[in-house]
Amino acid sequence: MTPRHVTFEVDGLPLDADVDPGQVLRTVLREHGVHSVKKGCDAGDCGACSVLVDGEPVHSCIYPAHRLEGRAVTTAAGLGTPEHPHPVQQAFADAAGFQCGFCTAGMVVTASTFTEADADDLPRLLKGNLCRCTGYRAIGDAICGVSNTVAPADGEAAGRSVKAPAALRVASGSEPYTLDFRSTTKLLHLAVLGSPHPHARITSIDTSAAEALPGVHLVLTHRDSPATLFSTGRHEDREDDPDDGLVLDPVLRFRGQRVAAVVADDVRTATNALAAIVVEYEPLPAVFDPETARSPGAPLLHGEKTVEASRIAFPERNTVAAMHDETGDVEAGLAAADAVVEGTWRTQRVSHGALETHASRGWLDDGGRLVVRTASQVPFLVRDELAHVFGLPQEQVRVFAARVGGGFGGKQELITEDLVALAVLRTGRPVQYEFTREDEFTIAPTRHPMRVRVRVGATSDGVLTALHVDQLMDTGAYGNHGVGVMYHSVHESTSVYRCPNKRVDAESVYTNNLPSGAFRGYGLGQVVFAVESAMDELARELGIDPFELRRRNVIVPGDPMVVTDPDEESDLLIGSYGLDQCLDLVEQALESPAPEGAPPAPVGPTWVTGRGMALAMIATIPPRGHFADTSIELLSDGRYDIGVGTAEFGNGTTTVHTQLVASALGTTPDRVVVRQSDTDVARYDTGAYGSAGVVVAGKALLAAAHKLRAAMVDRALAIAGGAGHAVDTGTAPEVVAGGVVVRVGPGVDATVLVSGDRLLADGPLTADGSHDGTPRSVAFNVHGFEVAVDRASGEVRLLRSVQAADAGVVLNPEQLRGQVEGGTAQAIGTALYEEMMLDDEGRVLTTAFRNYRMPKFGDVPQTEVHFATTHDDLGPLGAKSMSEAPYNPVAPALANAIRDALGVRPHELPMSRDRLWRLAGGR
Ligand code: FES
C-alpha cells in the first residue's frame, strides 16, 4: 500500500501529509495534532468531527483524505479562538449551548454555515450532528442568538446563570479532552482480540506469529495478567463490589471479552496483528436470560469463586446480590384493599451514547511512576484500584482526567486503564487504548435490563394498603455496579410512598450477555417505570385523579423513609421538601393553555390523545460514604486557586464550584482558577457519582472558602495594626484590583485595604475544606406529558412535556434547566426507541449510531421546566443535586399518557412504534 502525498490547508496553514489508501480526513487531522476535530463514531453518524472543506460542512471521518489536494479545511479552531471567537462560538457560550461540549466543535462548524432563514429548518439541518447531553433546546437558542447567561457582580454568582469557565474554549475546539494532546515520546497503540464465544475457556494461545510482525512490541494474554481479582465498577468502599474479574481472564464470559491485546506502533498494525494470534477454546454452556440463569441446572459463570473471596452473594445460582424483605404483611394488605393492580414491566438494554468514547493513555514519568490520563468520572478510585491490582503503592500511581466528553455513569468503569497500565509497565513506553463506537456498543457496560413485577393495593379513598416490588435484573457477565444498582433501584422508588405493608424481592443475576453498569438514575428509572405505571392504573381503578392519589400517599416531612425495615438506621433525610410543589406545578402547567410553538394535535380518525404524569425521588448523595477534600489558595493577583478532585464531564460542577467560591469570597467566578480531577494536584474525592459534585465537593469548597475568608480578615487586620481582633460581619472580603478590602464590624469600625502582595508577604493564605457526604438529602421530580398516538401506525407525537424539579436553592438556573432537558431527552430516547438488540446468543446487533437511534434535534420536544422553591438545610447554600434525577419519571409519565390515549397499557420499553401498533390493535 503506497501512501499518497497531499498538500492542503488547515485553518489557514499549509499541511503536507502522506495519506494511506482508504485513510479519512479525521485521522489525518488528529495525527497532525489538530485536536479541534473530535472522534465520536467514525461512521458519519454523529458529526463530532464536522469540518468545512472549501466552505462546505462534511463529516471528516468519512471524507477520503486522498481528495484533499489543494483544498482548504476549516475546523472550529479556524473559525475563531477563545480570545477572538466567531459569532456562533460566542453565541454557544452565551446561550450555555453545551454540557460536556464534545459535540460542540462540530456543531459550531455546521452552524457557521447557517443563514438567518435556516432557523426554522434546524431539525433537518442538524440531522448529522448528535448531542447526548443537552436535549438540543440550548443549541437551538445558541443558533438563534438567544443569550441565557449573565456576568454577575462581585459576590453575587450563586443563583445566577453564569456561563461555564471553559465556554469559549469548548466552542472554539481548544478545550483538551482525554486524547487531545501529543505525546512527547513515540506513542504505542493497543488493540484487543475479543472472544468469539459467549462462554469459553482458553485452552491454548499462540502469540508468536503476531509478535514477529513488524511494528508489534508486545502481545498480552492471561499469562501476563495480575492474579488479583477486581471489579471494573468501584465505590468508595471497594468491598461494595464483587471481585469477579481479571485484567485478562482465561475464562471468557461474554462475546468480545478480552482474549489478548497487541501493543504496536500504530492502531492499524496492532489491529492487523490480532488475526495472527492463534487461540483454541473450549466452549462452555451459556445462559442469556436471568430467570433461567438463577434456576437450578443453569450453567454457572462464577461457580468456582467463593463467597468470602468474591463477595458474590450466591455463585452457585449466578446471583451477585439479592434482597428479600418485608415490613407488615403484604398479603393481608392486598386482601384488605378495595382495588388491587398487578403487572409485570420490562425495560431494555440501553447504551450511554456519550460522544467521547472510553479512552486512556499511560506512561512512566521521570521518576518511574505510572501515570494514566483517562476519560474517567472517578480518577481517585481508578488510582486506588490500579494500585491494588498491580500491587503498587498508591503514591506510585497518578491518574487524571481532562474534560470528559460525557459519562452518564458509563465512565465510572475501569475498562481501558488496567490494560494500558499493564502495557506501560511491560514496555516502559507510552501506550494508548481508545474504544471505537462499536466497542462502546459491544463491550462497554450498559443500562441494566430489568423485569419488575408490581402488586399494589389501596382502599376506596385511595390510601395504600400494600406495595410489593419484585425485581430481576440482568447484570451480564460481571457484577460491576450489579449490587449497588439493585439496592438503589428498589430504594427511593418504594420509600417515596407511605404504606404499612411493603415487600421487596430483588435479584441481580449473571448471564453471558455483555456487562451492565452504572447509568443515569442508577436503576431507579427502570423500577420507577413499573411502580409509577402501577400507581396510574390504581388511580384509574379507584377513579381518583393520579396527582391526587400521589398526594394522599407520598412521604411528607416527618415520615420515616421506609423500604422494608422501619427500624433501619439511615442517614437519608428530607433536607427540604418540594414534592408537593412539583405536583402542583406540573398539574397546573398541563391544565394551562399550551405555550406558543407547541405542536398542534394531529387530526384524523385514527389519532387519539392522552395525558400522563409520574414522580420520582432520589437521594442526593450515594450511600456508604462519599468524600471530598478541597483546598483554596489566595493568589497574589487577587484570584483564588481551588483544588477539587471530582471531574467535569458535562455535569456542570466546575461552574457551580466557581460560583460557590466566588459568592463566599465576594468576587466573580472568572477570578476563580480550578485545578481538578488529578490525583497529584487535587485532594481526595470519591468522584462524580450520584450527582455528588455539587453537594459534597461543593460543601467542602464552601467550608474552605469560609475558612480562607476568616484567615484573610485576620491577616488584613494584623497588617493594618488596627483592632486587636477581627469580627466577621458576614460581609465577604472583596477583591479589588489586586487588593483585598476587608470590612469588619462592631467594635472594630474600620475598612482595611490591603494589597494582595502585602497580604501574602507573611506567607501563603490557604484553607482546606472537607465533607463526608452525610447526612444525605432527597430531591424530587415530577413529569407530565400530553401525547397524540396514531392507532393505525403506533406513531407517538409529544404535544406537551413538563417537568418540575425540587433541587433546593437553584445555584445556576440555566445550567439546571439544561440538566432537566438533557435528562428528559435521554429518557424520551429510552422510552420510545433506543434499544440495544442482542440475538439469542448474546451477540450485539446494534453496533453503530445509525441502527441504534439516539434522539436527534427534531425528536426532542421543548420541555417546560419549573423549579420548586425550597432551601435544603443539608446542601451548599440550600442546593441539592439534580443531574441524574430528571431521567427517572419520564418513561412512566409517557407510558401513562399513552395508556390514557390508547386505553391499553404499555408494559415494555421502548414503547416503539411497532409495539404500540400491536398494542393498539390488540395484536
Ligand atoms: Fe453535546 Fe455533550 S454537550 S454531546
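In listed order, ligands and their atoms are each counted from 1. Bear in mind that the values here come from a model prediction, so they are computed numbers and not experimental data.
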List for me each residue that meets ring-ring contact (aromatic ring centres under 6.0 Å, His included) alongside Y136, sequence neighbours excluded, and say none if there are none.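 With neighbours one apart ignored, the set is F857.
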
Report the relative orientation of the aromatic rings in H235 and H481; use parallel for angles under 30°, tilted for 30 to 60°, perpendicular for over 60°.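 The arrangement is perpendicular - the two ring planes meet at more than 60°.
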
Which pair of non-hydrogen atoms, one from E413 and one from A518, has the smallest distance, and what is that distance?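 Heavy atoms of E413 and A518 come nearest at OE2-N, 3.9 Å.
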
Only one of R437, R850, R26 passes salt bridge (charged side-chain N to carboxylate O under 4.0 Å, His left out) with D42; say which it is.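 One option only clears the test, and that one is R26.
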
With sequence neighbours excluded, what pairs up with P595 under the side-chain contact (heavy atoms from CB on, under 4.5 Å) test?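 Listed in chain order: A598, R800, E864.
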
Quick one: list whatever passes salt bridge (Lys or Arg N to Asp or Glu O under 4.0 Å) with E175, sequence neighbours left out.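 Testing E175 for salt bridge (Lys or Arg N to Asp or Glu O under 4.0 Å), a comparison that skips the adjacent residues, returns R169.
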
Could you enumerate the protein N, O or S atoms under 2.8 Å from atom 2 (Fe) of ligand 1, written like residue then atom name?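 The answer, once waters are left aside, is C100 SG, C133 SG.
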
